[in-house]
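Worksheet for the structure shown next.
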2 protein chains.
Amino acid sequence: MANSRGQSRNTKQLELIWRAVKDDSSHPTADQIYDRVRKKLSHISLGTVYRNLQKLVSDDKLQVLMLGRAQHFDPLVERHQHFICESCDRVFDVMVDRQREIKPAKLPHEGFKVTSHQLAFYGVCKHCSA
Amino acid sequence: MANSRGQSRNTKQLELIWRAVKDDSSHPTADQIYDRVRKKLSHISLGTVYRNLQKLVSDDKLQVLMLGRAQHFDPLVERHQHFICESCDRVFDVMVDRQREIKPAKLPHEGFKVTSHQLAFYGVCKHCSA
DNA sequence: TTATTTGCAAATTGTTTGCAACGGT
DNA sequence: ACCGTTGCAAACAATTTGCAAATAA
């Protein structure tokens, strides 16, 4: 319970999970993270990984990206977009320059309040098109 | 096998499923469609619904939208975007005018070939903000 | 001490598949 | 008759949950 009532504790599990994702821009899934963390703490459970990832998300340290049917975690919380390679499924961060940004406030119909928008690009990455 | 080798057959099930979605812009999920079709053909199975929806998608009669962890089906196949209400989870079609469209070809880094892009708006719909 | 977090296993959700029977063509 | 399609149930994948034991504060 990091964000409601009650104290949050600094557990070894939370710490290891955070270290495993904080500098990773490859957008890993929960069980990719599980595999990594398990190398340091073999008895950790997948449920614990999920619970701690949720906590990091609600503490705004991670963003979730839904791709296909799995959630991917992204430590880059600043505003950015993604490029998804349709050949290898890798996900790349894309910084869209402010000038090109869409003005979502004006787009939908009357009475709809837009608070955010998301843009994703699909194609073939440098690595796969070689 | 509608799109590979072999003939496709016109079954009662396929016909009913198509009728249940073709004029529907509410972006129903597979089991919402299942519920509807079951009223006409009570012994139809969910697997059949999934298989026929897949067929309609590969015949380009439907588009799939992944929202959360469920697929939603959209008979509007022309290029358009979506507005997702964060309060009621309803999905609305948004036609973005061509001039405002982003030019994806120029956005990502060198060596990346962009073939398509998708834009989704999040916010509160007219109905919920009332 | 004591409330939060863990590990484990079982439950859930959404989707796919194997297979014998069914039914278009 | 042939072969695609169906219904059913079981398999699957990703995620969540219940609960008793473990542990941070």
Side-chain angles (χ1 to χ4, degrees), chain A residues 1-21 27-59 61-74 89 91, chain B residues 1-21 27-59 61-74 89 91:
Chain A
M1 258 148 224
N3 261 347
S4 53
R5 198 55 38 85
Q7 292 321 296
S8 171
R9 292 176 183 179
N10 292 332
T11 67
K12 181 190 301 192
Q13 288 84 345
L14 176 59
E15 183 61 23
L16 280 169
I17 289 165
W18 173 235
R19 282 193 199 153
V21 287
H27 307 77
T29 60
D31 54 73
Q32 289 173 323
I33 296 162
Y34 174 53
D35 284 343
R36 292 180 200 171
V37 170
R38 209 162 22 157
K39 285 170 187 155
K40 302 275 181 179
L41 196 65
S42 56
H43 56 82
I44 198 173
S45 78
L46 184 55
T48 297
V49 171
Y50 272 103
R51 281 180 292 222
N52 281 305
L53 287 171
Q54 276 169 199
K55 174 179 300 186
L56 291 168
V57 169
S58 68
D59 288 350
K61 297 183 147 194
L62 292 179
Q63 252 190 301
V64 195
L65 240 195
M66 274 306 272
L67 293 172
R69 44 187 61 79
Q71 30 190 63
H72 292 243
F73 297 87
D74 189 344
D89 287 324
V91 183
Chain B
M1 257 149 224
N3 261 348
S4 53
R5 200 53 38 85
Q7 291 322 296
S8 172
R9 292 176 183 177
N10 292 333
T11 66
K12 182 189 301 191
Q13 288 83 346
L14 176 58
E15 183 60 24
L16 280 169
I17 289 165
W18 173 236
R19 281 194 200 153
V21 287
H27 307 76
T29 59
D31 53 72
Q32 289 172 325
I33 296 163
Y34 174 53
D35 285 341
R36 292 179 201 172
V37 170
R38 207 160 26 154
K39 284 170 188 156
K40 302 274 181 180
L41 196 65
S42 56
H43 56 83
I44 198 174
S45 77
L46 184 55
T48 297
V49 172
Y50 272 103
R51 282 180 292 222
N52 280 304
L53 288 171
Q54 276 170 197
K55 174 179 299 186
L56 292 167
V57 169
S58 67
D59 287 350
K61 296 183 147 193
L62 292 180
Q63 250 189 301
V64 196
L65 238 195
M66 274 305 271
L67 293 172
R69 45 189 60 79
Q71 28 190 64
H72 292 243
F73 297 89
D74 189 344
D89 288 324
V91 183

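Letters A, B, ... are given to chains in the order of the sequence lines, protein chains preceding strands, and every chain is numbered from 1.
The CD atom of Gln32(B) sits 15 Å away from the P atom of dT13(C) (whole-angstrom rounding). The distance between atom NZ of Lys55(A) and atom C1' of dT4(C), rounded to the nearest whole Å, is 8 Å. Straight-line distance from the CG atom of Leu67(A) to the P atom of dT15(D): 11 Å, rounded to whole Å.
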Report, one pair per line, the protein and nucleotides 21-25 of chain D atoms (nitrogen or oxygen only) whose separation is under 3.5 Å.
unit_1: dT23(D); atom_1: O2; unit_2: Arg9(A); atom_2: NH1; d: 3.2
unit_1: dA24(D); atom_1: N3; unit_2: Arg9(A); atom_2: NH1; d: 3.1
unit_1: dA25(D); atom_1: OP1; unit_2: Asn10(A); atom_2: N; d: 3.2

Each nucleotide N or O in nucleotides 17-19 of chain C that has a protein N or O under 3.5 Å away: list the pair and distance.
unit_1: dG18(C); atom_1: O6; unit_2: Arg51(B); atom_2: NH1; d: 3.3

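Closest to the Ser45(B) side chain, of the nucleotides dT16(C), dT16(D), dC8(D), is dC8(D).
Nearest-nucleotide positions on DNA chain D place Gln13(B) closer to the 5' end than the other of Gln13(B) and Phe73(A). Taking for each of Leu14(A) and Met66(B) the nucleotide of DNA chain C with the nearest heavy atom, the 5'-most of the two is the partner of Leu14(A).
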Under 3.5 Å, sequence neighbours excluded: what are the donor-acceptor pairs made by side chains of residues 31-41 of chain A?
unit_1: Gln32(A); atom_1: OE1; unit_2: Thr29(A); atom_2: N; d: 2.8
unit_1: Gln32(A); atom_1: OE1; unit_2: Thr29(A); atom_2: OG1; d: 3.4
unit_1: Asp35(A); atom_1: OD1; unit_2: Arg38(A); atom_2: NH2; d: 2.7
unit_1: Arg36(A); atom_1: NH1; unit_2: Ala20(A); atom_2: O; d: 2.9
unit_1: Arg36(A); atom_1: NH1; unit_2: Asp24(A); atom_2: OD2; d: 2.6
unit_1: Arg36(A); atom_1: NH2; unit_2: Asp24(A); atom_2: OD2; d: 2.8

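With hydrogens and angles ignored, the 3.5 Å screen pairs a side-chain donor or acceptor of His72(B) with a backbone N or O of His27(B).
Residues from residues 35-44 of chain A placing a heavy atom under 4.0 Å of any atom in DNA chain C, listed by number, are His43(A), Ile44(A).
For the atom pair OG1 (Thr11(B)) and CG (Asn52(B)), the distance works out to 5.0 Å, reported to the nearest 0.5 Å. Asp89(A) contributes atom CG, which lies 8.5 Å from atom CG of Leu67(A) (distance to the nearest 0.5 angstrom).
Arg51(A) pairs by the salt bridge (charged side-chain N to carboxylate O under 4.0 Å, His left out) definition with nothing, not counting sequence neighbours. In this view, Arg19(A) and Glu15(A) satisfy the side-chain hydrogen bond (donor to acceptor under 3.5 Å, both in side chains) rule, not counting sequence neighbours.
Looking at every heavy atom in both residues, Leu14(A) comes nearest to Arg9(A) through CD2-O, 4.0 Å. The shortest non-hydrogen separation linking Gly68(B) to Met66(A) is O-CE, 2.9 Å.
At dC2(D), none of the side-chain N or O atoms of Gln7(B) fall inside 4.0 Å of OP1 or OP2 (strictly under the cut-off).
Here the options are Leu56(B), Val64(B), Ile17(B), the test is side chain to side chain contact (heavy atoms under 4.5 Å, CB included), and the partner is Phe73(B); only Val64(B) passes.
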